[in-house]
Amino acid sequence: MTNGRKRITKLLWSLGPLLGLVVVVLVFGLIEYKVAGDENRPARFFTLESAQAVLSYTSLVGVAALGMTLIIIAGGIDLSAGTAIALTATVTAWFYREGFAYTETWRADSPLLGTVTLSLVAILGGMITGCLCGFINGGLISLLRLVPFIVTLGTMTAFQGIGRTIAGDTPVRAFGKVPDAVLSLQQPYPDPEWLVVSPGVWIMLILGCLVALMLRYTVFGRHVYAIGSNEATARLCGINVVRTRIWVYTLAGLFVGVAGLYQFTVLAGEGDPASGLGLELQVIAAVVIGGGSLNGGRGSILGTISGACIMGVIQHGSVLIGVADRYQDILIGMIIIAAVTLDQFRVRLQSS
Amino acid sequence: MTAPLLGMHGIGKRFGATQALDDVSFQLGAGRVMALIGENGAGKSTLMKVLSGACPADRGQMEVAGRPYRPTGPHSARDAGIAMIYQELNLAPDLSVEDNIMLGQEHQRQGILLRSRQRPRVLEALARLGHPELHPETPVRQLSVGARQLVEIARALIQQASVIVFDEPTSSLASQDVTRLFEVISRLRDDGIGIVYISHFLEEVRTLCDDYTVLRDGQVAGTGSLQGTSEADIISMMVGRSVDELFPTVPHSPGDALLDLSGLCGRAIPRDIDLTLHQGEILGVAGLVGAGRTELLRCLFGLDPIASGTVCIGGITRTPAPRTMINAGLSFVSEDRKDEGLAQQRSIADNITYSRLKPYGRLGWLNLRRRSQAVSECMQQLEIKAVSGQQSVWELSGGNQQKVALARALHQNAQVLLLDEPTRGIDVGTKAEVYRLIGEQAADGKGVLFVSSYAPELLAVCDRVAVLARGRLQEVRPASEWTEESLLNCATGSTTAGSSTSMIETTRPSR
């Protein structure tokens, strides 16, 4: 194979998940078009509203999957992401609920300043909680020298417990205490129309670009790939494996915090510690569909976001077509397996 | 010679644009040891894959014991009585010796394991190898590489193999284990088993083998009986030209002390090492497997913990830790390219620059263009054959991978090179390049600590050679005062010289 052709093949494969997304969109779009025709109603899949809904729905999983991509490239896994998302949402809700009374007089003096301060504290509280969750994961894995699977299996349960401790018996409700600007973060149809998609989607895309650049163009990014690809080599090259790993998990925790904020606004200002269970599997699935290898060393941001979108499109498309939930699950399950099979096929193709 | 046990006729195999095998034919008789020789990439591995059924040939026929043999997978090879002992052993480390030997052919009745039945067969196989001391219940993880190899050979015996293929079996063995392996192979030959012996070491081939087949660029460059064939003949068949120098040297002279170890102790080994490496010096470290050579390098580089003692570099005492040592000018090239030395999935560029990304970074951001320029220069200097610096390391041949590992040390501009078996598993031509490179580094005023199990290269390349045994430093002498025999005696700690004569023919070249 010539050099140029090889490069093109490589490029095509790296765009694989994106192409997969295009295929999924086309398939569901055409089926829905046909179904809509049969039912004598206008087709709804190929519309702006549809894209807005899918993207805003996807961005929660997508933003958390950015961090998960880092973790998986570094050869780890984070099962606690789901409950950590719920925990950060709970913390944000708690800050809003408890802080509302504190800032009462303040808000009376200057409504804007008071609300902004309250929101900053609440949102930062959630982010810091997310980072702490990640830091704890990374620290335990490094200090106790345990497998990430086990550590995060433990913290998955623990984070939910912490969330329930904060919340008490019922979810933390901060209805009416959260400014609309925050609540509209995940509004599928954004208020200034020129935004096209919800602010949450934009945040995900910007963060995604930053992480992708970081992976490619920074020393830290190289080290993440190095420890995931071969930890022994990394150590031998003088890379501080422990520090890098703790940073990876902490950074992933930040994205968990952002996802937690999304979750909070999706629930219209409620923090429910039980709302995140199972979310971690969707997040992991997004990375895996996007070409991330659970053996570490491989994964990309473009792939991960495509993977998250594929799942979003399937869910949304199924609803429009009228496919039951249970069949969606089967379909997504099969896509996960197909994606990994295809990827292995690629590796075999390249090695021969 | 009786009727051939194994015959290959006109085997051809093409991968894409490369003709990996072209009209390869040879025959192997019962009770014969045939050496299969060739540089890396000559087609030895492909030929063995064809034989083992791992990949089908495009053309040609094979026959085993007179019957046509058309493998469809690894099981065909087993059914036909062909066993392969690969360089990287195929054992389940957590299973016992017995379970590994019997793996896939357990004695059973309706799924229930009949240990009492298989034990005698395992003991018999081990006895047949002349190693009844291996206990069937020992977990393989606890065995040395040499002993693990015996387990694989025993497995082949249980499969009633009539042909056993050894792929570079001595590349990771110490000379004592090599001696033991040669005894085992001789026993197998006397039992009437046909053996294909793939090796880079011509001395071994001469000691052990009856016949030879040389492959070059996928074709048979020569085949026949070893008797009456000189080493020079074989080398010229391998490389297609005559190699006047197997061990090229570059003139260099030792200067001031560069690295000074005093009383260095690891957790178990090494014990109490006092050793000084000078500028422009190549200091060889010899010893058996488990003597603490690798551990010595790992301790002083900070990869393994040290219990006591000091490491002094250029007069400054340092606490070993990889980053500290790299900053102090040390570089470590691991003996294990696959699992430690290189991140196989990553690119050549990444692997070369991992230990020194600083020159390309500003505030943590990398200038990739500048880096790829530097990488190309490194690749040119070492003649690394690859499509580009972006190619993944696993796609390269062993020799080129080793060059990437060495390129990292050069890119780091290390003053002290800690090389652990730097020529393991690479072909003669590349070996010569590595020796020259080591010589150039020494001529440049750098210090090289050169660990090797291959005595001839230590004697030819090094200025001094230190011998370790059971974790302790036995003796350091100028290379000219050692012979292979005295090295071995010192390493085994034997007192009566000559009692354990080297199985390796001495081929010490003159400088």
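What you see is a predicted model; the values in this text were computed from it and never measured. Per chain, numbering begins at 1; letters A, B, ... match sequence-line order.
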If you define the side chain from C-beta out and look only at heavy atoms, does anything of A:Arg222 sit under 4.5 Å from B:Asp350? yes

What part of B:Leu342 gets closer than 4.5 Å to chain A, counting heavy atoms only: side chain, backbone, both or neither? backbone

For the residue pair B:Gln344 and A:Asn230, establish whether any side-chain heavy-atom pair is separated by less than 4.5 Å. no

Does any backbone or side-chain atom of B:Arg362 lie under 4.5 Å from a heavy atom of chain A? Answer side chain, backbone, both or neither. neither

Can you name the residues that form a ring pair (Phe, Tyr, Trp, His ring centres under 6.0 Å) with B:Phe332, not counting sequence neighbours? B:Phe301

Chain A contact via B:Asp339 - side chain, backbone, both or neither, heavy atoms under 4.5 Å: backbone

Sub-4.5 Å heavy-atom contacts with chain B: which residues of residues 205-214 of chain A show up? A:Leu213, A:Met214

Any chance CH2 of B:Trp365 has more than 12 other-residue heavy atoms, nucleotides or ligands included, within less than 6.0 Å? yes

So does B:Glu340 get a backbone contact from the side chain of A:Thr233, meaning a donor-acceptor N/O pair under 3.5 Å? yes

Would the number of heavy atoms belonging to other residues, nucleotides or ligands and lying under 6.0 Å from CZ of B:Arg370 be above 12? yes

Segment of B:Arg371 engaging chain A (4.5 angstrom heavy-atom cut-off): side chain

Expected contact set for residues 63-74 of chain A against chain B at heavy-atom separation under 4.5 Å reads none

Sequence neighbours left out, cut at 3.5 Å: what donor-acceptor pairs do the side chains of residues 16-24 of chain A make with other protein atoms?
none

Any chance CZ of B:Arg267 has more than 12 other-residue heavy atoms, nucleotides or ligands included, within less than 6.0 Å? no

Keeping the roles fixed (side chain from A:Arg216, backbone from B:Leu366), state whether a donor-acceptor pair exists under 3.5 Å. no

